J.: 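Could you have a look at this structure, given as structure tokens, before my questions?
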Amino acid sequence: MGLKTKSQEKIYRNYWEYIEKNARDESKNSSKVSDYIRDYLTLKNKKIPNKNKVYQEFKLKYPISTTVEDVENNLKPIKKFAKYYHKLVNPIHEPDREIRLQLEYINRLEINVTYPFMLKVYDDYSSRLISKQTFVDVLELIQSFTWRRFIVGLAPNSLNKIFMRLYEDVNPGDYLTSIQSALINKKGNQRFPRNHEVINALREKDMYGIKAKNRIYCLERLENYQNKEPVKIEENNDITIEHIFPQNPDPQWEAELGTEEFNSIKDNYLNIIANLTLSGNNGKLGNKTFTSKRDMNIDGKEQGYKYSRLWLNRYLSEIDKWGKEEIEERLKIIAERFLQVWSFPEIKTKTEIDFNEVSIFDAEEPTGKKLEYAIFFDNKIEISEVSKLYLEVMKQLFEIQPQTFFTSDLKEKLNITKDSSQCRQAAPINETYFIEAHLDSKKKFERIKKALTVFDCEEELIIKYKI
């Protein structure tokens, strides 16, 4: 707006109109300009703008320019990345079939927090820095990482920071492996779940009660793994998700299984992945007994499992009953395929991962425990007492940004004062100010976590207890 009218029109036509056109969700006919700019600023600043402050952050990054050249230099990269953003949001516009399929999967999972990272990877592919296969492998890796975390039940709120900085770990000479290594070295709430965690979670997780999009994504990918005739569930209204042991079973189920096993399955197995399948005849199969579902052939139309060409029904076509033993066996079969579809990277890491190192937010209660050390902002601190860790963290945060201690509720929470007599046990955090230190270990941990949250650096403090 600092330019003359003619120059404004030129900039709008050549740049901003293109950005507006590409930063759009075509399926919902809605503008995504603000979301795109937020992702772009995250990519550039390594800091995620608050959703309602994107415009202010944009203005800070790009102050008013008085020359066309300045404005063009600022908008050229934004225009370039908008082209990739358009395909992330609308995968149908990616011409390569394999890449498009992976983008569709990621789009279904709604893991938009990966976009700042994916924009850079897309650019590397477009610039031929990486091959198509590497790009596809990275898209598969993103799914494995995020979907395993979902299955295990890890909180998604750490994903935005993981993907905000992930590109910093990319080694152009060893592209895929460097990303794999960065992810498998994550710890605590940021970790890449191992195979045993996933298998244990699949035994219990309610996979029917999750979002329909996620449910379809999971079963479709399991079904289509190495399948030359892929099944598109989302596009095929005839194929629906079916409970093998029904939600409202026919009384004959209890008669065949016995009351104890019947109740055990109903209470513990009903909605897990092993009791779900795909069927084009869900309405007909309904609540019938297992053998009826398996053999159904009304009017010679082969509705039963034994006639299905789906992989998910192969085991069902070979067995004579559906009890706990068969459910456990099918769980093993599905789990094995699951670990192939959403695989864990088979690479050697340079350093052995110490899983006793955890984020303070994932750590056990500190009462009665000693620390072996802490890692704060990537610096190792040899410290054994929680009280010393408490003071060290507050000192460092106060040195970084003292005003935050007075413009947030940290002032009251920590009892910050210049007068040491105002504290039962005063601890100095600089030459002028003191905080209350007469607290037990649990309360010190609570205050540390509160301060880290206020400073938006929840993932920056790792601790290890003495064993």
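Sequence positions, counted from 1, serve as the residue numbers for this chain. These numbers come from a predicted model, not from an experiment.
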J.: Take Phe150 and Tyr217 through the test ring-ring contact (aromatic ring centres under 6.0 Å, His included) and record every step on the way to the result.
T.: CA-CA 13 Å; Phe150 172 76; Tyr217 165 82; 9.5 Å; no
J.: Is it the case that more than 12 heavy atoms not belonging to Lys213 sit under 6.0 Å from its NZ atom?
T.: yes
J.: With no hydrogens and no angle check, is any side-chain donor or acceptor of Asp25 less than 3.5 Å from a backbone partner on Ser31?
T.: no
J.: So with a 6.0 Å cut-off around CD of Glu110, is the heavy-atom count from everything else above 12?
T.: yes
J.: Could you check, using the six-membered ring where one of them is a Trp, whether Phe145 and Trp342 have ring centers closer than 6.0 angstrom?
T.: no
J.: Do Gln226 and Trp311 have side chains that get closer than 4.5 Å, going by heavy atoms?
T.: no
J.: Between Lys449 and Glu458, does at least one N-O distance fall below 4.0 Å, as a salt bridge requires?
T.: no
J.: What's the spacing between Arg203 CZ and Ile273 CD1 if we round to 0.5 Å?
T.: 14.0 Å
J.: Evaluate Arg148 against Glu197 for salt bridge (charged side-chain N to carboxylate O under 4.0 Å, His left out), listing each step before the verdict.
T.: CA-CA 9 Å; Arg148 279 176 173 241; Glu197 290 183 84; over 6 Å; no
J.: Which label fits Trp322 and Phe290: parallel for a plane angle under 30°, tilted from 30 to 60°, or perpendicular past 60°?
T.: parallel
J.: Kindly say whether Ile244 contributes a backbone atom to a donor-acceptor pair with the side chain of Glu242 at under 3.5 angstrom?
T.: no
J.: In sequence, state the C-alpha distance, the side-chain angles, and the governing distance for Arg309 and Val231, and then conclude on side-chain contact (heavy atoms from CB on, under 4.5 Å).
T.: CA-CA 10 Å; Arg309 69 176 181 86; Val231 177; 4.2 Å; yes
J.: CG of Leu452 to SG of Cys457: how many Å apart, nearest 0.5 Å?
T.: 5.0 Å
J.: Show the numbers, then the answer: is there a salt bridge (charged side-chain N to carboxylate O under 4.0 Å, His left out) between Glu446 and Lys413?
T.: CA-CA 10 Å; Glu446 288 172 0; Lys413 189 81 175 171; 5.5 Å; no
J.: Could you tell me if Lys186 sits above the aromatic ring of Phe192, with its cationic atom closer than 6.0 Å to the ring centre and no more than 45 degrees from the axis?
T.: no
J.: Heavy atoms, side chains only, cut-off 4.5 Å: are Thr404 and Phe398 in contact?
T.: no
J.: Sub-3.5 Å donor-acceptor pair from the side chain of Ser317 to the main-chain atoms of Lys306, do we have one?
T.: no
J.: Would you confirm whether Gln143, through its side chain, and Leu139, through its main-chain N or O, come within 3.5 Å as a donor-acceptor pair?
T.: yes
J.: Whether Arg215 engages the ring of Tyr208 as a cation-pi pair (distance to the six-membered ring centre under 6.0 angstrom, angle to the ring normal within 45°) should be assessed.
T.: yes
J.: Kindly say whether Asn52 contributes a backbone atom to a donor-acceptor pair with the side chain of Asn50 at under 3.5 angstrom?
T.: yes
J.: Sub-3.5 Å donor-acceptor pair from the side chain of Glu94 to the main-chain atoms of Pro91, do we have one?
T.: no
J.: Under a 4.0 Å N-O cut-off, is there an ion pair linking Glu392 with Lys395?
T.: no
J.: Mind checking whether Met207 and Cys218 have side chains closer than 4.5 Å, heavy atoms only?
T.: yes
J.: About how many Å separate NZ of Lys76 and CG of Asn14, when rounded to the nearest 0.5 Å?
T.: 10.5 Å
J.: For residues Tyr55 and Phe58, establish whether the separation of their ring centroids is below 6.0 Å.
T.: no
J.: Are any of the side-chain nitrogens in Lys51 or Asp35 under 4.0 Å away from the carboxylate oxygens of its partner?
T.: no
J.: State plainly whether the residues Arg221 and Glu140 are in salt-bridge range, i.e. N to O under 4.0 Å.
T.: yes
J.: Treating Ser7 as the side-chain partner and Leu3 as the backbone partner, does any N or O pair qualify as donor plus acceptor under 3.5 Å?
T.: no
J.: Can Ser131 and Thr134 be counted as having a side-chain donor-acceptor contact under 3.5 angstrom?
T.: yes
J.: Who passes salt bridge (Lys or Arg N to Asp or Glu O under 4.0 Å) against Lys10, sequence neighbours left out?
T.: Glu72
J.: For the CD atom on Glu168, are there more than 12 heavy atoms of other groups (residues, nucleotides or ligands in this structure) within a distance under 6.0 Å?
T.: yes
J.: Are more than 12 heavy atoms from other residues, nucleotides or ligands located less than 6.0 Å from atom NZ of Lys132?
T.: yes
J.: What do the steps show when you test Asn73 against Tyr62 for side chain to side chain donor-acceptor pair (under 3.5 Å), and what is the final call?
T.: CA-CA 11 Å; Asn73 287 335; Tyr62 303 106; over 6 Å; no
J.: Taking ring-ring contact (aromatic ring centres under 6.0 Å, His included) as the test, write out the residues that go with Tyr36, two or more places apart.
T.: Tyr85
J.: Taking NZ, NE, NH1 and NH2 as the nitrogens, is one of them in Asp362 or Lys187 under 4.0 Å from a carboxylate oxygen of the other?
T.: no
J.: Do the side chain of Asn22 and the main chain of Tyr18 share a donor and acceptor less than 3.5 angstrom apart?
T.: yes
J.: Evaluate side chain to side chain donor-acceptor pair (under 3.5 Å) for Ser359 paired with Arg191, printing each intermediate quantity in order.
T.: CA-CA 10 Å; Ser359 161; Arg191 72 185 181 278; over 6 Å; no
J.: Could you pull out all residues at least two apart from Lys47 that satisfy salt bridge (Lys or Arg N to Asp or Glu O under 4.0 Å)?
T.: none
J.: For Arg38, is there an ion pair with Glu57 - N to carboxylate O distance below 4.0 angstrom?
T.: no
J.: Above 12 or not: heavy atoms from other molecules or residues under 6.0 Å from NZ of Lys79?
T.: yes
J.: Run the side chain to side chain donor-acceptor pair (under 3.5 Å) test on Ser308 and Asn313 for me, step by step, so that the C-alpha distance in whole Å, both residues' side-chain angles and the decisive distance to 0.1 Å come before the verdict.
T.: CA-CA 6 Å; Ser308 174; Asn313 291 328; 3.0 Å; yes
J.: Going by heavy atoms in the side chains, are Arg108 and Glu220 under 4.5 Å from each other?
T.: yes
J.: Whether the side chain of Lys46 engages the backbone of Leu43 through a donor-acceptor N/O pair (distance < 3.5 Å, no angle test) should be reported.
T.: yes
J.: Output yes when a side-chain donor or acceptor of Asn275 lies under 3.5 Å from a complementary backbone atom of Leu270, and no otherwise.
T.: yes
J.: CG/Leu176 to OG/Ser178 distance, rounded to the nearest 0.5 angstrom?
T.: 7.5 Å
J.: Is there side-chain contact between Leu103 and Met118, with heavy atoms separated by less than 4.5 Å?
T.: yes
J.: Could you check if a side-chain atom of Tyr390 sits within less than 4.5 angstrom of a side-chain atom of Leu414, using non-hydrogen atoms only?
T.: yes
J.: Is the CD atom of Glu204 crowded by more than 12 outside heavy atoms at less than 6.0 Å?
T.: no
J.: With a 4.5 Å limit on heavy-atom distance, are the side chains of Leu461 and Ile448 in contact?
T.: yes
J.: Salt bridge or not between Glu104 and Lys232? Use side-chain N to carboxylate O under 4.0 Å.
T.: yes
J.: If you count the non-hydrogen atoms of other residues, nucleotides and ligands that lie under 6.0 Å from CD1 in Ile333, is the total more than 12?
T.: yes
J.: Could you check if a side-chain atom of Tyr115 sits within less than 4.5 angstrom of a side-chain atom of Tyr84, using non-hydrogen atoms only?
T.: no
J.: Quick check: are there more than 12 heavy atoms from other residues, nucleotides or ligands sitting under 6.0 Å from CG of Asp409?
T.: yes
J.: Of the options Asn74, Thr67, Leu75, which is the one that meets Val71 in a side-chain contact (heavy atoms from CB on, under 4.5 Å)?
T.: Leu75
J.: How long is the straight-line distance from CZ of Arg100 back to OH of Tyr105, given to the nearest 0.5 Å?
T.: 12.0 Å
